[in-house]
Engineer: 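Questions regarding the structure given below will be posed in turn.
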Amino acid sequence: MIEFFINGQPVQAEDHQTVMQAAKANGHFIPYFCWHPQLSVPGNCRICMVEVSNEGQSEGSGWLDIACNMPVSPGMRVLTDSQKVRLRRKETLQFITLNHPVDCGICDKAGECTLQDYHFEYNGSPSISRDAKVQSTKHFALSERIVLDNERCILCTRCVRFTHEVSKTHALGVQNRGDHSLIRPVEDGAFEHDPYSDNVIDICPVGALLSRPFLHKARVWYLKATPSVCPGCERGCSVNIWHRKSEWKLKALDAKQNARIDRVTPLENPAVNGPWICNKGRDLAMIFERARAEQPMQKGRPVDLLVALAGARALIQAARRPVALVSSWASNEELQTFHTTLAQRFDCFVKTDCQPGPGERIEDELLIKPDKNPNRAGACRFFPALPDDPATTFPADTDLVLVWGEGFSFAQLPATAKIIYLNSWLQPENGHADVFLPISVMTERRGHYTNFQGVVSAFEACFEKKPGVLDAEAVFAALGATP
Amino acid sequence: MTGRKLIMTFPVTATSHLLEDYRTRGGYATLAKVLREMRPELVTKEVTASGILGHGGAAFPAGRKWGVIKLNDGQPHYLCANADEGEPGTFKDRWILENAPHLLLESMLISAFALQVRHAFVYIRGEFDLPYRRLAAAVEEAYAAGYFGEHILGTDFACDIVVYRGAGSYVCGEASALITSIEGKKGYPRNRPPRLTVRGLYQRPTVINNVETLSNVRAIVAMGGEAFRQIGTAKSPGTQLVSISGHVQRPGVYEVEYGYPLARFIYEDCGGGLNGTPIKCIVPGGISTKVLTAAEIETVTYDHASLTKAGSGVGSGGMVVIGEGTCMVRLLQVLLRFYHHESCGQCTPCREGMGWMHRIIDRIVAGEGVPEDIEQLIRISKANDGTTICGMGDAAGYATVGILAKYRDEFEYYIEHKLSRLGGRLEVPQGAVA
């Protein structure tokens, strides 16, 4: 450990750290565009200039250099906000905005753009150039998912380095020279097959890389980020689910727009996913915006919820050999409730709710794991996994099966067994169950998932429950209570 | 004549670049002596003692660069000759590559021995055709004669050389961009630290010297560092190959001993202005050094101390003579077009600043300039000074500020009258008085 000074305050740092790292670790703010804690240091944006002087030098006699590439040395004095520094940052911003279109009014990044923030902090004045801006490609399809605006691009090369250092597809590069430089795929379609491609949208410090599904869908200040867990695989990456703020739910918008997942971004979690998530996690809307089951049924006939619950209770009381198939999408809280209320009555097994989709990447070294269910680890703490051969699991005298969650074919069950089915989605099996009870999805309730490493992550409710739909916990409480 | 000679010591003939001729001039004798009698650290000691400064433009002491390399540190070292001679007005290394390629190769072998280099590189400018062919032929000759490869001259010393051709980028003449280019990447300069002598080519300690700097190594080792130091001035030992062009009567490459009077060199050795045209100013060492007016030339001697004192520098030795009647506005336009074209686009101030300055000067030349433009050019130049990854942003700024400081009146006239006071001429007027 060595000691040096930032703005006169002593700071402890490791020998190998840079001034940027030490400043960040100690709560001193230094602006940056190109630097990223998980990527190499290109030192090209030049906004992180700080004033440095050595021990014994007088204040104000320091030189300017970039903090991101400056090794710490004992006794050095760093000023992060001196007059010299502010002037230099202003000049750098004048360069950066020289050919930047400043079309914040139609830019999806507006409101969460570092260039906007720094402009207000360090420059704030209109352009001093009399000359026309360099024109460039405004909508370049970098892939099916990402559109690139080369005029907004400040060539920080974070996206290029991401493909080289994190996703390792080496899909992006810089074409041409000088102020004609362009971010481009190294060959046509090179960026289509990067399962982590959407992370470049988040790390882009300006609005140059934009999500095509999210393009012009919402201003970010109308949105709220709810911390959640991606249910796409057993990694259980921490994510933010962005949806409309309750105070901005507009009557002019239909109910669907007011309750939709606008976008999903990573929530930094060093223990699980770092700052990244895969593209499947971005597409959670495709999972959660499937048609929902809202109507309790008995043998396909719509019935009142209380009638359905009473029917289920009667089936459980009458059963001599009941089996329960527990959802691997259930939260730890739901599993606990099931365990305390009903589990003693059943032979319980953890089932697989979701299989990998066609063409889906099964596993890689970065994040993606083969089991596409978020809480098998949590469920398997309570119950054993469902064996591969159903014949051993369902003896001929099995007379009741409680199926919790989607993805299980009733054809595997003995023909005589009664079925109680708890599911969130509108699916044909719902009508085949003796009692069908619609339940809520994870975006409508809070809870915890345990991932394959044993790390427990929390998720919060984003939306109201559908009317007539119960949480699985409430169903179990109602079924377990003696009438 | 222009003082003592170290490189241009022989008459150029049809065969003077060949190995046989080089051997009759005593070629490769120094290498044999070094391999037989010297230890690596002794060679570095001589180079340090000679006080030779880099001849590529930055004038960094070569001995200090070499001194960073730790011998026997268990990792490979690399040596690279920078033959990417791209500074406008500079063509001195070309003379060595065309006429004395074996001098470079012998010097590189001695340097490789001193720095424990197994693999040496020459990064040669892509546009060089004859120099490349001459160098490549010399490498083949040297391999055939056993100067490269294993067991050189019967010793345990082994060294291979790779000649790598650039693809036409000015920035690749910057040492770190050069090695990035050799590694097969886009020719972007790298941030320091780390220095290239600590982590350079393929992340290993690397020494990169200009062709002329390296070519002096043979002479330094042959005569000894102290003897070398007696040539030139105390602070600028040795000689400099000067390539002089522009409005000058006898353009070409001259070897000038440091300390030689500049006016005498231009007016007597090079015959003064073309067809007797009076000289307006000179660019002393590549366009990135500040111009010196005819009056300033009078008192200057050709060495680092004197030229720095005059507000300019030896630079790359690429001298350009600018005759009376040349329009400095158009001249600056040519320079800024070059810098804009060659900016690699990696870091912000240069990427945006070069284009900005180019657009401003284009507008002035088109007659649409406004008086604030001059201040704007100076402001952009200063915002580029010391803020960029490599020296290119600074260099463009020095050139601009240098011209604007001395010829501001021409720019003001152009902006006010929307035309050049000197007819926008870049050539010497026809029918100049002989």
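Labels below follow one simple rule: chain letters A, B, ... track the order of the sequence lines, proteins then strands, and each chain is numbered from 1.
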Engineer: Around atom CD of Q83(A), are there more than 12 heavy atoms of other residues, nucleotides or ligands at under 6.0 Å?
Structural biologist: no

Engineer: Considering only heavy atoms, which portion of I66(A) lies under 4.5 Å from any heavy atom of chain B: side chain, backbone, both, or neither?
Structural biologist: side chain

Engineer: Side chain to side chain contact (heavy atoms under 4.5 Å, CB included), that's the test. Do I380(B) and F95(A) meet it? Break it down for me.
Structural biologist: CA-CA 9 Å; I380(B) 299 167; F95(A) 282 132; 3.8 Å; yes

Engineer: Name the member of E372(B), R190(B), E342(B) that forms the most heavy-atom pairs with chain A at distances under 4.5 Å.
Structural biologist: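 Greatest number of close heavy-atom pairs with chain A: E342(B).
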
Engineer: Minimum heavy-atom separation for C344(B) to S181(A), with atom names?
Structural biologist: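 Looks like O-OG, 4.0 Å.
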
Engineer: Look at E368(B), M354(B), K186(B) and state which one has the largest set of heavy-atom pairs under 4.5 Å with chain A.
Structural biologist: K186(B)

Engineer: Compare all side-chain heavy atoms of W356(B) with those of I128(A) and state whether any distance is below 4.5 angstrom.
Structural biologist: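 Answer yes - side chains close enough.
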
Engineer: Would you say CG of D188(A) has more than 12 non-hydrogen atoms from neighbouring residues, nucleotides or ligands within 6.0 angstrom?
Structural biologist: no

Engineer: With a cut-off of 6.0 Å (strictly less than), are more than 12 heavy atoms of other residues, nucleotides or ligands near NE2 of H139(A)?
Structural biologist: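 Incorrect, the count does not exceed 12.
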
Engineer: Do you know which of C350(B), G187(B), P349(B) has the most heavy-atom pairs with chain A at a distance under 4.5 angstrom?
Structural biologist: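 Of C350(B), G187(B), P349(B), P349(B) has the most heavy-atom pairs under 4.5 Å with chain A.
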
Engineer: Roughly how far, to the nearest 0.5 Å, is CZ of R177(A) from NE2 of H340(B)?
Structural biologist: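 Here the interatomic distance stands at 10.5 Å.
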
Engineer: Hey, is NZ on K138(A) packed in by over 12 heavy atoms from elsewhere, all under 6.0 Å?
Structural biologist: yes

Engineer: Calculate, to the nearest 0.5 Å, the distance between atoms CG and CD1 belonging to N69(A) and I389(B) respectively.
Structural biologist: 9.0 Å

Engineer: Would you say CZ of R199(B) has more than 12 non-hydrogen atoms from neighbouring residues, nucleotides or ligands within 6.0 angstrom?
Structural biologist: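 Counting other residues, nucleotides and ligands, CZ of R199(B) stays at 12 neighbours or fewer.
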
Engineer: Is a salt bridge present between D179(A) and R359(B), judged by a nitrogen-to-oxygen distance below 4.0 Å?
Structural biologist: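 Between R359(B) and D179(A) there is a salt bridge, with a charged N closer than 4.0 Å to a carboxylate O.
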
Engineer: Around atom CZ of R195(B), are there more than 12 heavy atoms from other residues, nucleotides or ligands closer than 6.0 Å?
Structural biologist: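 12 or below, so no.
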
Engineer: Below 4.5 Å from any heavy atom of chain B, which atoms of V174(A) appear? Answer side chain, backbone, both or neither.
Structural biologist: both

Engineer: Is there side-chain contact between R130(A) and D373(B), with heavy atoms separated by less than 4.5 Å?
Structural biologist: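 Result yes, sub-4.5 Å side-chain heavy-atom pair found.
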
Engineer: Show, in sequence, the C-alpha distance, side-chain angles and deciding distance for I360(B) and D131(A), and conclude whether the side chain to side chain contact (heavy atoms under 4.5 Å, CB included) test is met.
Structural biologist: CA-CA 7 Å; I360(B) 290 174; D131(A) 299 278; 3.5 Å; yes

Engineer: Which atoms of S129(A) come close to chain B, meaning under 4.5 Å heavy atom to heavy atom: side chain ones, backbone ones, both, or neither?
Structural biologist: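 Its backbone and side chain both get close to chain B.
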
Engineer: Checking heavy atoms, do the side chain of S169(B), its backbone, both or neither come under 4.5 Å from chain A?
Structural biologist: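 Contact with chain A: backbone and side chain both.
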
Engineer: Contact part of V370(B) toward chain A, heavy-atom cut-off under 4.5 Å: side chain, backbone, both or neither?
Structural biologist: side chain

Engineer: Relative to chain B, which of L64(A), L98(A), I47(A) shows the most heavy atom pairs under 4.5 Å?
Structural biologist: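 Heavy-atom pair counts peak at L98(A).
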
Engineer: Could you check whether any side-chain N or O of T348(B) sits under 3.5 Å from a backbone N or O of I96(A), counting only pairs where one atom can act as donor and the other as acceptor?
Structural biologist: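 It does not hold such a pair.
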
Engineer: Taking atom OG1 of T387(B) and atom CG of D65(A), what is their separation to the nearest 0.5 Å?
Structural biologist: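 Output value for this atom pair is 10.5 Å.
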
Engineer: Between CD of Q346(B) and CZ of R46(A), what distance do you get to the nearest 0.5 Å?
Structural biologist: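 Rounded to the nearest 0.5 Å, the CD-CZ separation comes out at 8.5 Å.
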
Engineer: Is it the case that over 12 heavy atoms from other parts of the model lie below 6.0 angstrom from the CZ atom of F29(A)?
Structural biologist: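 Counting other residues, nucleotides and ligands, CZ of F29(A) exceeds 12 neighbours.
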
Engineer: Which distance, rounded to the nearest 0.5 Å, do you find between the CD of E91(A) and the CD of E352(B)?
Structural biologist: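 Here the interatomic distance stands at 14.5 Å.
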
